[in-house]
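Each chain gets a letter, A, B and so on, in the order its sequence line appears, and its residues count up from 1.
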Amino acid sequence: MPANPPFDAQSSAKPRVRFAPSPTGYLHVGGARTALFNWLFARHFDGTLVLRIEDTDLQRSTAEMVEGILRGLQWLGIHWDEGPYYQTKRMDLYRAAAQKLLEFGAAYYCFCGKEELEKRRAAATAEGRPPRYEGTCRGISREEALRRKNAGEPAALRFAIPEGGSTSFDDAVFQKVEFANSELEDFVLLRSDGNPTYHLSVVADDIDLRITHIIRGADHISNTPKQVLLYKALGAPLPVFAHVPLILGPDKTRLSKRHGATSVMAYREEGIVPEAFRNFLALLGWTPPEGSPEILNDTELIRLFGLDAISRSNAVFDRGKLDWFNTEYIRAYSAERLLPLIEEEWKRAGINPGPHDRGWLLSTIDLLKPRARSLKDFAGSFRAFFADNFEADPAAVEKFLKDANVRHLLIELAQRYAALPEFTEQETERVLREFAVEKNVKAGALINGARVALTGQGVAPSLFAVMCSLGKDRTVVRMKNVEQLMGAVSTAT
RNA sequence: GGCGCUAUCGUCUAGGGGUUAGGACGGAAGAUUCUCAAUCUUCAAACCCGGGUUCGAUUCCCGGUAGCGCUACCA
């Protein structure tokens, strides 16, 4: 039984959680997963998700990154209820907290210069000692410190870690975690320019925003005892901490650009549908109850989600599994829902599907979607359905069209189709099969060759469905032009 | 280096003192013959190592190893 019991849904208080990205970069996969877990938790308990932008690193934070992060969250369908709050606009809160800490005797001014500290750290490391701040300025009397400070001497404010003992907390994922206080250093609360550092601003904000559960990456575990000490020094009740394992690349090192796309938006560009990405992310480090399927919509995700089922070990980002989720979602989506997403792909690929009516577009998408792995396919390997300028896959040509006789027969067959009054699946198939018998060739050879002639691909839906989708005119023209495909191949290879 | 966390198929994971160690992705084979990236069927694939506790450890404990994290006047 953990000392911090899991949040009690029966209690009147609804949980308040937050996602607090730092706008020094785009929304990356790890951040998105953290945001997702917070959102799922808030929705599950009918609580509140607060968005807070941690932009106290003035040098590296930009408005563009904030914009990108918000867009990423929106794309994923993660909606926050409060905020965004900007830390740079809440400086008074942090300074007041710092002042309080100073008055309580939990903080003191430090006059050590940056270079001086670096030198000492380097020396300590060289001598094999832990490079911790030794509390040099801790002994300076309060009056003396105030005098020097008021005289204009630059000073940072440091937190005074209690001597001896240990600090522990009960993590909803990792259970009890304990650190000896001797391992913690007197960290900086206020820089000498008066701006707060991370620890101070997070804790002051989380107290002020009445955050009940802090769900964040496991890389913050080591920071937590310092923050626990801050809560105590400030006399505030502790929230429940829940640290979620990190996401790794295939080589089991922390996911980074080396492994490919780490930006959430890059996956949109790759033709991933947001629900698929969200579903995939949810299952990275969290497992639904036994017997649950893995394809889970937002309602199911929210209903099933719980902190207790979060894993304690890091998870490798498996691109292949993401693609599987994507195919499942594309297949399950209605053509109506797919169409606007596909139109974006066409725009990007410079495809204008022409004068087709909406009904044709929808039925063609339905025909194609069981074989789609990405939205990109609708502008890529399915291009021939929506544009007349397409390139043939050389491997498909090689496999099904290298026989000149097949090509000649296809051209001849095109004449028959041209004369066919009723261009339906049944009729086109009947004509082709009779033609095959007449010419004493296997129908399959004609079918496969025709598929390549019509779509440029060796893989496509049933040929006669393809013909009907394309219509008589385009079918006839493409079959007649089959030799041109050969030319394209020989020049391409 | 110090401190912390973690360790089940290639990957995500279930399980838990006695199990044929379960599922999903991926892989392999077969079926379908109108292609396959579709569909169906089948198969291969794991408890990090060493001690201890126990009648019995993959499961509990300790140690080792490995991986990851933190170790800033970054967040």
Indicate, with a heavy-atom threshold strictly under 4.0 Å, whether [X] touches base, sugar-phosphate, or nothing.
X: A:L463; answer: base
X: A:P461; answer: base
X: A:C112; answer: base

Gap in Å between the two [atom1] atoms, one belonging to [N] and one to [M], rounded:
N: B:G56; M: B:U19; atom1: P; value: 14 Å
N: B:A45; M: B:A38; atom1: C1'; value: 26 Å
N: B:U59; M: B:G50; atom1: P; value: 12 Å
N: B:G2; M: B:C61; atom1: P; value: 24 Å

- Item | Ring-face cation contact, A:Y86 with A:R90, 6.0 Å cut, 45° max | no
- Message: Measuring from the side chain of A:R371 (C-beta onward, heavy atoms only), which nucleotide among B:A38, B:C73, B:G69 has the closest atom?
- Response: B:A38
- Item | Minimum-distance nucleotide (side-chain atoms of A:Y198 versus B:A75, B:C34, B:C3) | B:A75
- Task: Kindly give the heavy-atom pair with the smallest separation between A:C112 and A:L117, and that separation in Å.
- Result: CB-CD2, 3.7 Å
- In short, A:E54 meets A:A20 closest at the heavy-atom pair OE2-CB, 3.4 Å
- Task: With sequence neighbours excluded, give me every salt bridge (charged side-chain N to carboxylate O under 4.0 Å, His left out) pair touching residues 17-31 of chain A.
- Result: A:R18-A:D206
- Taking 4.0 angstrom as the limit, do A:R416 and A:E438 come out as a salt bridge? yes
- Message: Looking at A:R148 and A:E153, is there a salt bridge between them, counting it only when a charged N and a carboxylate O are closer than 4.0 Å?
- Response: yes
- Item | Mate of B:U6 where both pairing distances stay under 3.5 Å, Watson-Crick or G-U | B:A66
- Message: Regarding B:U35, can its base be found pairing with the side chain of A:R451 as donor and acceptor, where the two atoms are less than 3.5 Å apart?
- Response: yes
- Message: Within residues 247-262 of chain A, which residues have any heavy atom lying less than 4.0 Å from an atom of RNA chain B?
- Response: A:K252, A:T253, A:R254
